[in-house]
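Structure, as structure tokens:
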Amino acid sequence: SWNGCGNPNSISATLDEGAHYLSTEAHPPSYLHASHATRYCEGLGKPFTLFMPESQGSWGDWTVTTPATIKGLSAIALAHGGALNINHIPYPCGDHGGKVPQRVWDTIAETFRFVAEREEFCSGKRPVPSVAVLHSAYNARLLQSMARAGKGGHFGSATYSNESALSQLLLETHLSWEICPETMTLEQMRNYELIILPYMPYVSEELAAKLRAYVEGGGRLLAGYHTSLFGEKGEKLENFSLADLFGSDYQEDSAYSISYLDNFDEALAGELPDMPLLIKDVSSGLMNPANHALYCRPRPMTRTLALITDPIIESDFEIGHYVYHDHAPPGYATDYPGITLSSYGKGQVLHFAVPFLQGYATKKSPFLQRLFALLPRGVRQGSHRGSEVREELADAGRGRLAAAPGASAAGHRRHVPGQLLPARPDHRAGEPGLAGEQRPGVRDRGDLRAAPVGGVDGVHDPGHPGPSGRADRTGLGSR
């Protein structure tokens, strides 16, 4: 083992896979990075330690953070089956040379008392998430090579930055998730209700075949932006290699550096503000972002959940009147979808044709957060194995063990198909349907109204009356 094996910034799957014990750093108060890193280590299936200084920031900052801050970070490590290592450095010289302040000792002592009280409940345990986020060390390496080759400096950190933005959205929408290597088997994929490819420009034929089999069997997939639009050496393809799963075909990049999501499907519109939602990815450029929306053509039966609205650029350089691209207001709706939902076999696929994750990271828009929370409605907050554990705990009090629905008799999870968004009642399952009144300039998406969801921000709250009017005490939410 070595410090850094298990770091989600890694561009080498071989090194991490070769380690017997994973370790990575989390500097207070970096809760989001700590969550991202621990889930990456957890997904590799090996024991790990989260290293952190007692200081607020780096080991070299010569400060001390609060016990509450370090206890928060240690709770993240414990919750994912990891260990905690707090390091400190004495002052090296000067009036305080060789000393460690008493406040440092007190902070470390209080933190480890907190850990000791909870260790027996966490040691040897792992969460059972319902969502898998696929991480590709090959893509991380490819994107860094593309950045060095002059194709755009923003590509260099795209894997980590998109995963980080997704991490925040998943935490805020209370879905149970972990990060898994792209080398996972089809059987392992079937342990999850939803698989997310946040930013994977190159998708190998082997992975594509597994994803098709997973979705065809009833799995659900969410793919972001450039996913599958580049080849093995970073060359841009004429179309997505997963176009059959996405249900749409790439045409060209938008000419505009920002875009808006607008004209939302009826299943979403009632729960979002009646206004275009800005998508602006400043990670690819502050004034004129390089990551533009992708103009795509949906295939028949693909459901368009939102359209792309282009900005209006009004410039008259003769009189000195101009508007920067990144400040341009929404103009007119295109007929290109920004978000699509397609059916493939028994499963469903969501695709973002805009840099949604980085757009959220830029503005932290509560409305983009709300939109994201609405999309995976059919994914339960607890996995099938999680429900089995709850059933076992309940039945143990009655002297017996019983597998819950969705779990095999052997105790392994098996996939249960579901809907990402409610299907139209007048269509057969698996047929999104596009019938309905046609609006000028807007693709027909039909009458697809959603049932209300209890709880906060679209996430069902245990104890809150669900759609049936009965309080949910199972922790699973409405099904």
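Residues passing the side chain to side chain donor-acceptor pair (under 3.5 Å) test with Ser254 are Tyr295, sequence neighbours excluded. Every residue meeting the side chain to side chain donor-acceptor pair (under 3.5 Å) condition with Glu182, not counting sequence neighbours, appears here in chain and number order: Ser136. By the ring pair (Phe, Tyr, Trp, His ring centres under 6.0 Å) test, Phe155 pairs with no residue at all, sequence neighbours left out. Residues passing the ring pair (Phe, Tyr, Trp, His ring centres under 6.0 Å) test with Tyr260, sequence neighbours excluded: none. For Ser35, the side chain to side chain donor-acceptor pair (under 3.5 Å) partners at least two apart in sequence or on another chain are Arg39. Residues passing the side-chain contact (heavy atoms from CB on, under 4.5 Å) test with Ala83, sequence neighbours excluded: Tyr21, Thr49. Evaluation of the side chain to side chain donor-acceptor pair (under 3.5 Å) rule for Tyr225 yields no partner, not counting sequence neighbours. Partners of His154 by side-chain contact (heavy atoms from CB on, under 4.5 Å), not counting sequence neighbours, listed by chain and number: Ser284, Ala290, Asn291. Take His36 and apply the ring pair (Phe, Tyr, Trp, His ring centres under 6.0 Å) test, not counting sequence neighbours, and it matches Tyr160. Looking at residues two or more places apart in sequence or on another chain, you find no side-chain contact (heavy atoms from CB on, under 4.5 Å) involving Ala209. Residues that satisfy the ring pair (Phe, Tyr, Trp, His ring centres under 6.0 Å) test with Tyr344, not counting sequence neighbours, are absent from this structure.
Relative orientation of the Phe230 and His226 rings is perpendicular, given thresholds of 30° and 60° on the angle between their planes.
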For this session: Take His351 and Phe240, measure what ring-ring contact (aromatic ring centres under 6.0 Å, His included) needs, and give me the verdict at the end.
Result: CA-CA 11 Å; His351 178 243; Phe240 305 109; 5.0 Å; yes
For this session: Walk me through it: do Tyr360 and Glu172 pass the test side chain to side chain donor-acceptor pair (under 3.5 Å)?
Result: CA-CA 12 Å; Tyr360 175 72; Glu172 290 171 345; 2.5 Å; yes
Problem set entry | Check against side chain to side chain contact (heavy atoms under 4.5 Å, CB included), Arg212 and Leu245 | CA-CA 7 Å; Arg212 289 187 179 98; Leu245 283 178; 4.1 Å; yes
Problem set entry | side chain to side chain donor-acceptor pair (under 3.5 Å) between Glu25 and His27, intermediate numbers included | CA-CA 6 Å; Glu25 296 182 10; His27 296 193; 2.7 Å; yes
Exercise. Would Thr302 and Leu341 count as a side chain to side chain contact (heavy atoms under 4.5 Å, CB included) if you check the C-alpha gap in whole Å, the side-chain angles of each, and the deciding distance to 0.1 Å?
Worked result: CA-CA 6 Å; Thr302 294; Leu341 175 65; over 6 Å; no
Problem set entry | Residue pair Arg299, Asp244: steps toward the salt bridge (Lys or Arg N to Asp or Glu O under 4.0 Å) verdict | CA-CA 9 Å; Arg299 297 183 179 184; Asp244 55 333; 6.0 Å; no
For this session: Before giving the answer on side chain to side chain contact (heavy atoms under 4.5 Å, CB included), spell out for Ser130 and Leu194 the whole-Å C-alpha distance, their side-chain angles and the decisive distance to 0.1 Å.
Result: CA-CA 7 Å; Ser130 52; Leu194 173 66; over 6 Å; no
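Remark: Met52 CE to Ser58 OG distance equals 14.0 Å, nearest 0.5 Å. Rounded to the nearest 0.5 Å, atoms CD (Gln348) and OG (Ser342) are 8.5 Å apart. The structure places CG of Leu50 at 7.0 Å from CG of Leu73, a figure rounded to the nearest 0.5 Å. Annotation: the span from Leu242 atom CG to Leu211 atom CG amounts to 6.5 Å, rounded to 0.5 Å. Rounding to the nearest 0.5 Å places CG of Leu350 at 8.5 Å from CG of Leu221. The distance from atom CE of Met275 to atom CZ of Phe264, rounded to the nearest 0.5 Å, is 9.5 Å.
In the displayed structure, Lys363 atom NZ is contacted under 6.0 Å by at most 12 heavy atoms of other residues, nucleotides or ligands.
For the pair Ser30 (side chain) and Ala26 (backbone), a donor-acceptor distance under 3.5 Å is absent. Between the side chain of Asn239 and the main chain of Tyr250, a donor-acceptor pair closer than 3.5 Å is present. No donor-acceptor pair closer than 3.5 Å links the side chain of Thr309 to the backbone N or O of Pro330. Using a distance-only test at 3.5 Å, with no hydrogens or angles considered, a donor-acceptor pair links the side chain of Thr362 to the main chain of Lys280. Under a 3.5 Å cut-off, the side chain of Lys125 and the backbone N or O of Ala79 do not form any donor-acceptor pair.
The salt bridge (Lys or Arg N to Asp or Glu O under 4.0 Å) pairs that include a residue from residues 231-241 are Lys236-Asp253, where partners are two or more places apart or lie in different chains.
The closest side-chain heavy-atom distance from Glu42 to Pro127 is below 4.5 Å. Residues Glu178 and Tyr192 have side chains in contact (heavy-atom distance under 4.5 Å, counting atoms from C-beta outward). Between Leu277 and Leu368, some side-chain heavy-atom pair lies under the 4.5 Å cut-off. Between Asp249 and Gln251, the closest side-chain pair of non-hydrogen atoms falls below 4.5 Å.
The side chain to side chain contact (heavy atoms under 4.5 Å, CB included) with Met200 is formed by just one residue from the set Leu207, Thr159, Leu143; it is Leu207. Of the candidates Thr340, Leu261, Leu371, Ile339, Leu305 forms a side chain to side chain contact (heavy atoms under 4.5 Å, CB included) with just one, namely Ile339. Of the residues Val133, Leu32, Asn162, Leu357, the one that meets the side chain to side chain contact (heavy atoms under 4.5 Å, CB included) test with Ser167 is Leu32.
Here the closest non-hydrogen pair linking Phe246 and Ala223 is CE2-CB, 3.4 Å.
A salt bridge does not link Lys346 with Glu216: none of the charged nitrogens is closer than 4.0 Å to a carboxylate oxygen.
Taking the ring centroids of Tyr40 and His135, they lie under the 6.0 Å cut-off.
For Gln358 and Tyr199, the side-chain atoms include no donor-acceptor pair closer than 3.5 Å.
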